Every structure is written in structure tokens, then in C-alpha cells.
There are 2 protein chains.
Amino acid sequence: MHAIEDAGSRPAPPGLRERKKRRTRDTLIRCALELFALQGYERTTVDAIAEAADVSPRTFFRYFAGKEEVAFALQDSVESSFCAALRERPAAESPLAALRGAVLTSWDSLGEEVGSVVPLELHMRTYRMIESTPALLAVHLRRLSEVEERLAHEIARREGLDLATDPRPRVLLAAFGGVMRVTGRIWGEQGGAGMTELRGIIADHLDQLGPALAENWRT
Amino acid sequence: MHAIEDAGSRPAPPGLRERKKRRTRDTLIRCALELFALQGYERTTVDAIAEAADVSPRTFFRYFAGKEEVAFALQDSVESSFCAALRERPAAESPLAALRGAVLTSWDSLGEEVGSVVPLELHMRTYRMIESTPALLAVHLRRLSEVEERLAHEIARREGLDLATDPRPRVLLAAFGGVMRVTGRIWGEQGGAGMTELRGIIADHLDQLGPALAENWRT
DNA sequence: TTGTCAATTGTCAGACGCTGCCATAATCTC
DNA sequence: GAGATTATGGCAGCGTCTGACAATTGACAA
């Protein structure tokens with residue numbers, strides 16, 4: 001009784017069960033990332049994460065398929081916000097210009113969504129940890145290649161092309177994704193750089209894509 | 001006594017110990033790849049590989065750091081032959097042309113080195129297995145990014161540039177490596193294609209790098 | 001309120017990957 | 001051949017991850 005008489009529209013009011021689940025999940029993510037930042041990824045056991053979050057180790061594996069997955073839980077938001085940003089680019093833009101615009105704007109809007117789970121500083125530390133931990137870097141690269149494939153589909157849709165016959169969307173995304181990985185790595189290497197520096201590195205390197213393919217570099 | 005009086009030059013005659021070690025290693029690789037091809041990567045245990053090679057499981061880990069490593073043992077040959085091919089390209093070639101030439105020629109010369117350990121058909125099956133097994137694909141992408149870094153150094157050396165200040169070598173390799181990954185994936189998807197088809201796919205996609213970056217695709 | 005159903009969780013046992021330690025056996029050196 | 005080196009095997013143990021079962025908790029209706 002006295003239940004909130006909601007408007008009955010789509011986002012059905014989450015019951016206590018759903019709220020509890022989300023809280024447990026967020027707690028696990030926060031505890032895991034904090035322990036990772038504190039003592040490194042490999043030296044943090046699942047048992048320690050579960051204990052910090054006050055659940056049984058078995059429950060951890062009911063929320064995440066493995067220890068790796070929890071490290072990428074927040075990257076999901078970043079990637080989907082990037083895909084959404086691309087879909088909203090004006091159709092008049094060229095494919096490369098649309099990608100460039102999407103990546104530069106999506107870095108602004110993700111702060112809030114991530115910040116509601118963990119402090120942004122911790123999220124950036126996590127990214128650097130992924131770059132510097134071989135096992136995580138490998139998974140990260142595989143995930144990026146999946147994003148590239150999704151984006152290639154979106155570019156093909158924008159241009160009205162068939163991915164099976166026209167290799168240009170995938171080739172473009174291969175080049176674009178490659179540049180994004182290089183910039184991410186360079187950004188991670190220079191210690192405590194922030195978002196602003198990252199935008200600069202991205203813009204600089206994207207500008208070098210054309211020149212790098214030129215026949216003669218000695219200009 | 002009666003030992004071969006060798007010329008005393010560099011390749012010192014391998015003693016019995018060295019020969020035995022190499023034989024054990026080759027046997028482990030062959031048994032592992034055959035079991036992988038037969039029943040998949042995840043469902044093949046290290047114990048099974050060791051038993052097939054007639055050594056103890058403990059010995060397996062003295063030859064390979066992990067189960068993943070044995071799957072990439074032959075890829076090492078491919079990668080180093082590619083790096084060597086790039087170093088031998090004429091200095092007059094443009095960076096992209098040198099990469100293109102190196103990748104197309106290196107695919108010819110590796111047949112023998114690989115074939116001395118396992119049949120070539122098994123090696124190609126292994127490559128497709130890597131592409132289709134998430135855990136192996138992740139490691140594969142990380143290894144490729146390391147190769148890209150080495151090649152970027154070589155390009156910078158050819159052109160007399162400083163990698164720390166000029167982003168073009170890394171950007172070029174990012175784009176080139178991206179195309180190589182796309183071609184490898186496409187090749188793996190179309191079942192039993194051979195080396196010839198792979199060369200064609202590579203050449204086609206490299207030709208699309210310039211057009212894909214163009215402003216207007218509707219030509 | 002109470003009872004029923006479904007979902008979440010904890011506990012336990014166990015497979016598998018991987019490592020350190022020590023004893024044994026093989027090879028190499030003299 | 002004796003002694004030093006090195007490869008191998010066996011074992012105990014840690015950490016990741018999974019299946020099965022029982023207990024607890026929230027959702028929903030009588």
C-alpha cells in the first residue's frame with residue numbers, strides 16, 4: 001500500500017530485488033577497481049574482492065563471467081556512448097569526419113554515467129592498469145575489434161553500402177581503430193594526463209593519418 | 001672420440017642434449033596443435049598434451065609458459081620472417097610500399113620453416129582456431145600490436161625519424177596492422193581458403209586504404 | 001497476514017591452469 | 001670414470017572457474 005502510483009510508462013519502477021542486485025553489482029565493481037589500483041590486478045584474488053564486497057566468491061561469478069570482466073565493466077559505457085554518438089552525426093559528414101566528431105564529443109558526456117559508480121580518477125587509473133597488464137591489454141584489444149566491427153556496420157548503413165562486397169568501411173575502421181589504440185597507449189604512458197590531453201593526442205594523430213600513407217614523407 | 005671436427009664457426013654442433021630438447025619441444029607443439037584441431041582449444045587439457053607427447057605435465061610448463069603459448073609457437077616464425085623481409089626492402093621504397101612488399105613476399109618463404117615441424121594444413125587450421133577462440137584471439141591481437149611497434153621502429157629508422165616526436169610511423173603501422181587483422185579475419189571466415197587467396201585479399205584491402213580515408217565515397 | 005513460487009545466495013566438491021620444491025636420472029666436462 | 005650441470009618427474013599447493021544442492025529472500029496473490 002501507499003506504493004508510488006507511477007505513470008505506468010516504460011521504465012517500470014525497479015522493485016527491491018532489482019535495486020539490491022544493482023547495488024551488489026556496483027559494490028563489486030567499486031571494490032574490485034579499488035583493490036586493483038591498490039595492489040595490482042594479478043595480486044588481487046576474487047576471494048578478496050568478494051570479501052570486500054561482503055558476498056561469497058561464488059556470487060561474484062554470478063555477476064561477472066570472470067575476473068577480467070569486472071575490470072571492463074565501465075568500459076562498456078564508454079563504448080556504447082561512442083556508438084551512440086556516431087549514430088547522431090549529421091549524414092552530410094564524410095565517414096572519417098563523422099568518426100572524428102563522434103570520438104571527440106563522446107569523451108565529454110560519459111563523465112556522469114561513470115561517475116555514478118566510481119570516482120572518475122579511479123576509472124582513469126583502471127584504464128592505465130589495463131594498458132599495462134598484458135592479460136588485460138589482450139582482452140581490451142579484442143573488445144576494441146568488436147567495437148570496430150559494430151562501427152563498420154554503422155558506417156556502411158550511413159553510406160548505403162554492403163559490407164560483404166565493399167571493403168572500405170572495415171578498412172576505414174581498421175585504420176581509425178588503430179589510431180585510437182596508439183593514442184590510448186601514448187596517453188597511458190605519460191603518467192597522470194587528463195581528458196584534455198587525450199583529446200589533443202587523438203586530434204593530432206588523426207590528422208597524421210593522411211600524411212602517413214603518402215608516398216613521400218620528406219616534405 | 002670420433003666427434004665431427006666441425007669448422008668451428010658460429011652454429012656450434014648441437015650436442016645430444018640440445019637435439020633432444022628440440023625434439024621434445026617439436027613433439028609437444030605437434031601433439032598440442034593436433035589435439036586442438038581435433039577437439040578444440042578449451043577442451044584440450046595440458047595433461048592430455050603431455051600424455052600424448054609422453055612427458056609429465058610439469059615438463060610441459062618448462063617448455064611453454066602456458067597453454068596459450070604453444071598455440072602461437074609457429075606464429076613466431078611468421079612474424080620474425082615478416083620483420084626480416086621489411087629490413088631487406090630497398091631504401092628507395094616509400095614506407096607503405098615497403099610494408100606492402102614485405103608482407104606479400106614473406107608469405108612465400110615461411111612454408112619450409114613451418115613445414116619442418118607440422119604439416120602446413122595443420123598450421124592454417126591453427127590460425128583459424130586462433131581467430132575463432134576468444135581467449136586466443138585476444139592474445140593474438142596483443143602480439144600483433146607488439147609486432148606493429150617493432151615495425152614502427154624499423155620504419156622510423158629507414159626514414160631517419162624520431163619516434164618520440166613524429167607520430168607518422170606509429171600511425172602508419174596502426175593503419176597497416178588494422179588492415180592486416182581485417183584481412184586475416186575475412187580469410188579465416190571463408191573456410192578452406194589457401195595462401196593464394198590470402199595474398200589477393202591483402203592486396204585488395206591495402207589498395208582500399210587511400211579511398212577509405214577520402215572525403216567523398218560516392219564516386 | 002499468510003502461503004506459494006521464483007530468484008538470489010551460500011556452501012561444498014572438484015576440474016583445470018600454473019608454480020615452487022626436492023629427488024632422480026640423464027648428459028656434459030674433465 | 002668422477003664430478004658438475006641440466007633435464008625430468010612427482011608432489012603439494014594456490015587461484016580461477018563451474019556444477020549441484022540447500023537455504024534464504026523478495027514478489028505476488030488468496
Side-chain angles (χ1 to χ4, degrees), chain A residues 1-6 8 12-29 31-32 35-36 39-73 133-136 138-139, chain B residues 1-6 8 12-29 31-32 35-36 39-73 133-136 138-139:
Chain A
M1 335 61 183
H2 284 295
I4 301 164
E5 308 281 335
D6 72 300
L16 186 107
R17 194 168 252 163
E18 290 301 318
R19 277 181 285 138
K20 212 169 182 179
K21 255 172 53 176
R22 165 151 201 141
R23 244 186 43 203
T24 307
R25 186 185 149 87
D26 288 354
T27 304
L28 280 170
I29 294 175
C31 291
L35 286 172
F36 290 163
Q39 58 190 16
Y41 175 76
E42 275 109 354
R43 299 202 300 177
T44 302
T45 67
V46 172
D47 286 29
I49 300 170
E51 189 176 4
D54 200 39
V55 294
S56 82
R58 188 66 183 87
T59 295
F60 175 90
F61 290 104
R62 290 202 173 91
Y63 281 87
F64 303 99
K67 198 173 85 167
E68 283 163 355
E69 200 175 289
V70 70
F72 292 97
T133 306
L136 295 182
V139 176
Chain B
M1 335 62 183
H2 284 296
I4 302 164
E5 307 283 334
D6 72 300
L16 176 70
R17 192 171 257 163
E18 290 302 317
R19 276 181 286 139
K20 213 168 181 179
K21 257 170 56 176
R22 167 154 199 138
R23 244 187 43 202
T24 308
R25 184 184 151 87
D26 287 354
T27 304
L28 279 170
I29 294 174
C31 292
L35 286 173
F36 290 162
Q39 58 190 14
Y41 174 76
E42 274 109 356
R43 300 200 302 176
T44 302
T45 67
V46 173
D47 286 31
I49 300 171
E51 190 176 3
D54 200 38
V55 295
S56 79
R58 188 66 184 84
T59 296
F60 175 90
F61 289 105
R62 288 204 175 88
Y63 281 87
F64 303 98
K67 199 173 85 167
E68 283 164 355
E69 199 174 291
V70 69
F72 292 98
T133 306
L136 293 181
V139 175

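Keep in mind that what you see is a predicted model, and the values were worked out from it rather than measured.
C:dG17 atom C1' lies 14 Å from atom CD of A:E42, rounded to whole Å. Following rounding to the nearest Å, B:R43 (CZ) and C:dA15 (P) show an atom-to-atom distance of 18 Å. One interatomic measurement links the two molecules: CZ of A:F64 to P of D:dT16, which rounds to 15 Å at whole-angstrom precision. Note: CZ (B:R19) to P (D:dT6) measures 18 Å, nearest angstrom. Here D:dG10 presents its C1' atom at 15 Å from CZ of B:F61, a figure rounded to the nearest Å. Whole-Å rounding puts the A:R23 CZ to D:dT25 P distance at 14 Å. Following rounding to the nearest Å, A:E18 (CD) and D:dA27 (P) show an atom-to-atom distance of 9 Å. Whole-Å rounding puts the B:E51 CD to C:dG17 P distance at 13 Å.
Checking D:dT16, D:dA27, D:dT6 against every side-chain atom of A:K67, the shortest atom distance belongs to D:dT16.
Side-chain contact check for A:R58 versus A:F61: some heavy-atom pair is nearer than 4.5 Å. The side-chain heavy atoms of B:T59 and B:R62, taken from C-beta on, include a pair separated by under 4.5 Å.
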Please write out each protein N/O paired with an N/O of nucleotides 9-12 of chain C under 3.5 Å, distance rounded to 0.1 Å.
from: C:dT9; atom 1: OP1; to: A:Y63; atom 2: OH; distance (Å): 2.9
from: C:dT9; atom 1: OP2; to: A:Y63; atom 2: OH; distance (Å): 3.3
from: C:dG10; atom 1: OP1; to: A:S56; atom 2: N; distance (Å): 3.4
from: C:dG10; atom 1: OP2; to: A:S56; atom 2: N; distance (Å): 3.0
from: C:dG10; atom 1: OP2; to: A:S56; atom 2: OG; distance (Å): 2.9
from: C:dG10; atom 1: OP2; to: A:T59; atom 2: OG1; distance (Å): 2.1
from: C:dG10; atom 1: N7; to: A:R62; atom 2: NH1; distance (Å): 3.3
from: C:dG10; atom 1: O6; to: A:R62; atom 2: NH2; distance (Å): 2.7

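Within the model, atoms CZ of A:R43 and CZ of A:F36 stand 13.5 Å from one another, a figure rounded to the nearest 0.5 Å. With rounding to the nearest 0.5 angstrom, the OG1 atom of B:T27 is 13.0 Å from the CD1 atom of B:I49. One finds the OH atom of B:Y63 at 6.5 Å from the NZ atom of B:K21 (value rounded to the nearest 0.5 Å).
B:Y41 contributes a side-chain N or O that, together with a main-chain N or O of B:E68, makes up a donor-acceptor pair within less than 3.5 Å.
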